[in-house]
Amino acid sequence: MSDSNGPRALLTRIRVWLIVFVACLVLSGITAFPLVTELRLLDSSLDGWAAPVADLLPGLAEWIDRVRGGLETADEQAPYLLYGTDWLAFAHLVIAVAFYGVHRDPVRNVWVVEFGMIACVGIIPLALICGPLRGIPFWWSVIDMSFGVVGILPLLHVRRLIKRLEAAAAPTPASVTGPEPAGAR
């Protein structure tokens, strides 16, 4: 019978959660490259098959239309501005790569998970400060902040699992001091 909380099981659970988290990071990174195309598709879908959503949330439809127009204008008149979103995408991919170290050796690289947690917390003040400065509707800033809240949840779980793995692998007092020398009694 296998131990569902033993070191092997903990390592497997850590790795599964890391794969899910990294997949989400990569997905969010990759989708930051084709923003103009994505906004065109989203805006046209709100006019077409997603019209009930636009009717239910007219502010969302107006915001998507406004952002699409801004991105199209930037793409036509100042495409170099979109280079910033390319760097955003690249940053997501680089952060995802950093989690490979945690996959290889979770206990030694728990700091990467903690770094990710700090980044998730940092999303909140960034959205609250920069959102109003850039004219972002508050409800959109709340959506942005939700990425930090949702992102930190699996990282908190992974950190707890890593701490359990560390405790399970910790040497016992007898193994630290070694065997008792012969004739010591």
Side-chain angles (χ1 to χ4, degrees), residues 1-35 37-39 41-42 45 82-131 136 138-185:
M1 182 162 89
S2 68
D3 181 9
S4 64
N5 289 320
R8 286 181 76 101
L10 285 170
L11 186 59
T12 299
R13 289 169 58 198
I14 289 166
R15 288 179 171 164
V16 167
W17 277 106
L18 284 172
I19 289 168
V20 169
F21 185 79
V22 167
C24 291
L25 265 177
V26 169
L27 184 62
S28 65
I30 290 171
T31 58
F33 284 114
L35 285 180
T37 302
E38 289 170 345
L39 264 292
L41 290 170
L42 182 58
S45 71
L82 297 179
Y83 189 53
T85 61
D86 296 338
W87 279 102
L88 169 72
F90 179 71
H92 278 79
L93 300 175
V94 168
I95 293 167
V97 170
F99 281 89
Y100 177 67
V102 184
H103 189 274
R104 284 184 43 219
D105 188 346
V107 173
R108 183 174 175 201
N109 294 301
V110 68
W111 69 270
V112 176
V113 174
E114 293 165 345
F115 169 80
M117 292 166 59
I118 292 167
C120 287
V121 169
I123 290 171
I124 294 171
L126 177 82
L128 289 173
I129 294 167
C130 295
I136 306 298
F138 179 73
W139 58 267
W140 192 264
S141 293
V142 171
I143 291 171
D144 288 339
M145 289 185 282
S146 74
F147 284 95
V149 173
V150 170
I152 202 170
L153 294 176
L155 293 179
L156 280 167
H157 184 63
V158 166
R159 186 179 183 281
R160 276 190 225 113
L161 292 173
I162 291 171
K163 292 301 180 180
R164 284 176 46 197
L165 179 64
E166 182 179 33
T172 60
S175 66
V176 172
T177 58
E180 192 172 301
R185 289 188 189 202

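Numbering starts at 1 and runs along the sequence shown. Since the structure is predicted, the reported quantities are computational estimates derived from the model, not experimental observations.
- Listed by chain and number, the residues in a salt bridge (charged side-chain N to carboxylate O under 4.0 Å, His left out) with E114 are R159 (sequence neighbours excluded).
- Scanning for ring pair (Phe, Tyr, Trp, His ring centres under 6.0 Å) contacts around F90 gives W87, with sequence neighbours left out.
- Annotation: side-chain hydrogen bond (donor to acceptor under 3.5 Å, both in side chains) contacts of H103 (sequence neighbours excluded): none.
- From L155, atom CG reaches atom CD1 of I118 across 11.0 Å, with rounding to the nearest 0.5 Å.
- Within the structure, salt bridge (Lys or Arg N to Asp or Glu O under 4.0 Å) pairs that include any residue of residues 84-106 do not occur (at least two apart or interchain).
- With values rounded to the nearest 0.5 angstrom, L10 atom CG is found 12.0 Å from R8 atom CZ.
- To the nearest 0.5 angstrom, L153 atom CG is 10.0 Å from M117 atom CE.
- Qualifying side-chain hydrogen bond (donor to acceptor under 3.5 Å, both in side chains) partners for R15, counting only residues two or more places apart in sequence or in other chains: none.
- Of all the heavy atoms in G116 and F99, the pair that sits closest is CA-CZ, 4.4 Å.
- Taking CD1 from I152 and CZ from F147, the interatomic distance works out to 15.5 Å, rounded to the nearest 0.5 Å.
- A donor-acceptor contact shorter than 3.5 Å links the side chain of N109 to the backbone of G101.
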Next item on the list: Applying side-chain contact (heavy atoms from CB on, under 4.5 Å), run through V158 and L18 and close with a yes or a no.
Entry: CA-CA 8 Å; V158 166; L18 284 172; 4.2 Å; yes
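- Rounded to the nearest 0.5 Å, atoms CH2 (W17) and CG (L156) are 11.0 Å apart.
- In terms of heavy-atom proximity, G131 sits nearest to S141 at CA-OG, 3.9 Å.
- Here I162 contributes atom CD1 and I14 contributes atom CD1; the two are 5.0 Å apart, rounded to the nearest 0.5 Å.
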Before giving the answer on side-chain contact (heavy atoms from CB on, under 4.5 Å), spell out for L161 and R164 the whole-Å C-alpha distance, their side-chain angles and the decisive distance to 0.1 Å.
CA-CA 5 Å; L161 292 173; R164 284 176 46 197; 3.9 Å; yes
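- Taking every heavy atom of both residues into account, P7 and L165 meet most closely at O-CD1, 3.6 Å.
- Residue W139 places its CH2 atom among more than 12 non-hydrogen atoms of other residues, nucleotides or ligands, all under 6.0 Å distant.
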Side-chain donor-acceptor contacts of residues 19-31 below 3.5 Å, not counting sequence neighbours, with atom names and distances?
{"residue": "S28", "atom": "OG", "partner": "C24", "partner atom": "O", "Å": "3.2"}
{"residue": "S28", "atom": "OG", "partner": "L25", "partner atom": "O", "Å": "2.9"}
{"residue": "T31", "atom": "OG1", "partner": "L27", "partner atom": "O", "Å": "3.0"}
{"residue": "T31", "atom": "OG1", "partner": "S28", "partner atom": "O", "Å": "3.1"}

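- Atom CZ of F33 is surrounded by more than 12 heavy atoms from other residues, nucleotides or ligands within 6.0 Å.
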